[in-house]
J.: 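The structure under discussion is supplied below as structure tokens; questions concerning it will follow.
Side chains are part of it too, since the values below use all heavy atoms of this structure and drop only hydrogens, waters and symmetry mates.
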Amino acid sequence: HRQNEDGVKRFAQGYLAYAGGGNNSRSNQFIMALHDDGPLAGGSPWEVPWGELVGDYSFETIGKINTEYGSNGPAQGKLNRRGMDAELRKEFPNLDYIGSCLVVDEEGEEKSG
């Protein structure tokens, strides 16, 4: 955590936490701090970091994430209920989203689990 000038602790770039909208509201959605001290990263007690990105390639990749929609993107609840369906793809054609992920070891080799 990093503490801003208002005394609010925020995440450093690359921190990962589950998203939530209040106490006991976390589910399978997570947030990633795209920049140090971002406005939606670590300011609430339910936003507890559980991981962080490592390596230059990871930070180059998050630097390419499209942020043009900002807080005007699809509603979190709608995404949770429907996923990134055809209607949302049409309404937000430039929205980046994760379709899958792999767990890799420190050498970049896929881990079996």
Side-chain angles (χ1 to χ4, degrees):
H1 281 88
R2 297 181 183 200
Q3 192 163 329
N4 69 14
E5 63 277 355
D6 297 323
V8 178
K9 291 184 177 182
R10 298 292 186 192
F11 297 159
Q13 181 185 32
Y15 273 40
L16 303 164
Y18 286 106
N23 290 333
N24 302 315
S25 63
R26 287 181 268 179
S27 65
N28 61 351
Q29 298 175 3
F30 69 91
I31 57 174
M32 179 186 331
L34 299 178
H35 306 284
D36 286 343
D37 302 323
L40 299 175
S44 300
W46 52 84
E47 294 173 344
V48 178
W50 51 263
E52 64 182 303
L53 299 179
V54 294
D56 292 340
Y57 183 73
S58 296
F59 289 95
E60 288 173 23
T61 300
I62 67 168
K64 296 176 184 177
I65 293 175
N66 180 3
T67 60
E68 74 180 87
Y69 300 113
S71 60
N72 297 315
Q76 185 182 67
K78 186 183 285 189
L79 278 172
N80 191 32
R81 284 188 309 277
R82 296 174 25 194
M84 193 61 187
D85 63 16
E87 182 181 322
L88 287 173
R89 282 189 187 96
K90 184 176 180 180
E91 187 176 352
F92 301 98
N94 298 324
L95 185 70
D96 288 328
Y97 56 94
I98 298 170
S100 65
C101 63
L102 300 171
V103 176
V104 296
D105 63 21
E106 292 180 10
E107 286 78 44
E109 300 294 324
E110 186 176 344
K111 294 176 77 172
S112 60

J.: Looking at every non-hydrogen atom in both residues, tell me the closest pair between Lys64 and Asp96 and how far apart they are.
T.: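 In this case the closest contact between Lys64 and Asp96 is O-OD2, 3.9 Å.
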
J.: With a 4.5 Å cut-off on side-chain heavy-atom distances among I, L, V, M, F, W and Y, is there a chain of contacts connecting Val54 to Met32?
T.: no

J.: For Ile62 and Ala33, which heavy atoms make the closest approach, and how far apart are they?
T.: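 In this case the closest contact between Ile62 and Ala33 is CD1-O, 4.1 Å.
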
J.: Of all the heavy-atom pairs spanning Leu88 and Lys78, show the shortest one and how long it is.
T.: CD2-CD, 3.7 Å

J.: Find out if a path of hydrophobic residues (ILVMFWY) with successive side-chain heavy-atom gaps under 4.5 Å connects Trp50 to Leu34.
T.: yes

J.: Phe11 versus Leu16: any side-chain heavy-atom pair under 4.5 Å?
T.: no

J.: Within a 6.0 Å radius of atom CG on Asn94, are there more than 12 heavy atoms belonging to other residues, nucleotides or ligands?
T.: yes

J.: Atom CG of Leu53 and atom CD of Glu60: how far apart are they, to the nearest 0.5 Å?
T.: 12.5 Å

